[in-house]
Every structure is written in structure tokens, then in C-alpha cells.
Amino acid sequence: KAGVTQTPRYLIKTRGQQVTLSCSPISGHRSVSWYQQTPGQGLQFLFEYFSETQRNKGNFPGRFSGRQFSNSRSEMNVSTLELGDSALYLCASSLEALGSGNTIYFGEGSWLTVV
Amino acid sequence: GNSVTQMEGPVTLSEEAFLTINCTYTATGYPSLFWYVQYPGEGLQLLLKATKADDKGSNKGFEATYRKETTSFHLEKGSVQVSDSAVYFCALTTNDYKLSFGAGTTVTVRA
């Protein structure tokens, strides 16, 4: 059974550009959530999608957005990139929505560097 | 809101030593609790979980018991190996559709 797949794994962008990251959940999983990991702030929740609906969003500016498709695949977008957006972005999936007690599986992450 | 507090470390141990990483939480309702491990350059791997009070999660020699009375979920391993060197994260979810993490504890095991 394939795990959570994130693409691209590594990317470098310039300040002011935008970026789109993709996440394919484990087959059959309906919840996809995203996280930002930085040395200073640790692991922070970005948002969760379940059945194409955003259920919750973390404390991030509106430049951070996401969506989920009918096949449960998800994308997140960051517009007008800032140096501080450099981070490891992790995607996770689970059978049911966060809070159900289901196991939450993580992908390997997308390393974003903003220069 | 929900929050997780864990000892930040770093923790340095010798092989075969006993490891404890403390984790306490604040949450509304009845949270599910998790321990994740992250090896250098990798994503997060689930180590163990517990979904109700007094549940004990265990995996690869690691154990943690969900203690509602002390709002704790401390991670323990009786005899660590060099391969256990990693960053360990305590986390919780409730019915707010969010996964909240502690700050992470870096563990280094010396041969």
C-alpha cells in the first residue's frame, strides 16, 4: 500500500513568487492536513481538508491556501513568498477527520527554500 | 485552545540506558494522543498512539500510557540503541480538526 506522496521534494523560489505543493494521500483516506516545520517555530498546523471541505485552519496569513479534490488529493499554495516561508511542508492523511482517533500518516515533506 | 508541552532536551544517553520523555497536555474534550519520531532529513513516523484514558500504546520497545488524571503521555524505553537517535514529538487531536504538536525532543544515543 503506497504511503502519503508529496511533490516536489525540493524546490527553490524567489521572494514574491508563488508555489504550489501537491499531496496524494493513502488510498481510501479522506482527510488531508498540512503542516509547516521550521527550526524556530517547530511543527505548526496549517489546515485540514475532509471530503473537499476545509475543516480548520491554523494561524497563518491568507497567503497560505489549499484545496482538496474529489479523489482526496490536495494542494497547498503560498503566494507572494517571503524569506520566512522557507520550511519543510508536511502533508498527512487519515481515514477520517482529525480528532477521530484514526492513525495519521505523514509524507516525506517538501523542502521549500525562498531566496 | 489545545496545547502540548514536552521536555525539549537535547537528551544524550548511552546505549542500553533508560529513556523517558515527559509530555503533558491541555485539551478540551477527550483527546487522542500520539508520539511521532523524525529521523534526520525525513518526515514523521508514528511511533504509538492512545485514544482513551488508561490506554497504553507500545511499539518497537517504546511505551506510553494515557493518564487523564495527570494529563500526561510520557514516552519510555527500557534500553535505547544508537538507532533510536532522532527527534520525538508528542501530539494530540480533539474534535477541533487539528493536530497540535509539542516542541520536540532531540535524543542522541552514544555507543
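Residue numbers begin at 1 in each chain, while the letters A, B, ... track the order of the sequences.
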Give a yes or no on whether Phe34(B) and Leu43(A) share a hydrophobic cluster (residues Ile, Leu, Val, Met, Phe, Trp, Tyr; joining criterion: side-chain heavy atoms under 4.5 Å apart).
yes
Out of curiosity, does Phe73(B) fall in the hydrophobic cluster containing Leu75(B) (side-chain heavy atoms, cut-off under 4.5 Å, transitive links)?
yes
Is it the case that atom CZ in Arg15(A) sees more than 12 heavy atoms from other parts of the structure closer than 6.0 Å?
no
Pair Phe50(A) + Tyr97(B): ring centers closer than 6.0 Å:
no
Between Ile104(A) and chain B, with a heavy-atom cut-off of 4.5 Å, which part of the residue counts as in contact: side chain, backbone, both or neither?
both
For Phe89(B), is it the side chain, the backbone, both or neither that has a heavy atom under 4.5 Å from a heavy atom of chain A?
side chain
Okay, Gln37(A) and chain B: the region with an atom under 4.5 Å from a heavy atom over there is side chain
With rounding to the nearest 0.5 Å, note down the distance linking CG in Leu90(A) to CZ in Phe101(B).
8.0 Å
Taking the side chain as everything from C-beta on, heavy atoms only, tell me whether Leu88(A) gets closer than 4.5 Å to Gln38(B).
yes
Linking I/L/V/M/F/W/Y whenever any side-chain heavy atoms sit under 4.5 Å apart, do Leu46(B) and Phe62(B) land together?
no
Check each atom of Ser33(A) against the heavy atoms of chain B and say whether the ones under 4.5 Å are side chain, backbone, both or neither.
neither
For Ser32(B) and Gly101(A), which heavy atoms make the closest approach, and how far apart are they?
OG-CA, 3.3 Å
If two hydrophobic side chains count as joined below 4.5 Å and joins carry through other members, does Val80(B) share a cluster with Val87(B)?
no
Max heavy-atom pair count under 4.5 Å with chain A, selected residue of Thr94(B), Leu99(B), Asn95(B)
Leu99(B)
Heavy atoms from other residues, nucleotides or ligands near CZ of Phe69(A) exceed 12 (cutoff 6.0 Å):
yes
Test of understanding: clusters of I, L, V, M, F, W, Y form through side-chain heavy atoms closer than 4.5 Å, transitively. Do Val37(B) and Phe106(A) belong to the same one?
no
Check each atom of Lys49(B) against the heavy atoms of chain A and say whether the ones under 4.5 Å are side chain, backbone, both or neither.
side chain
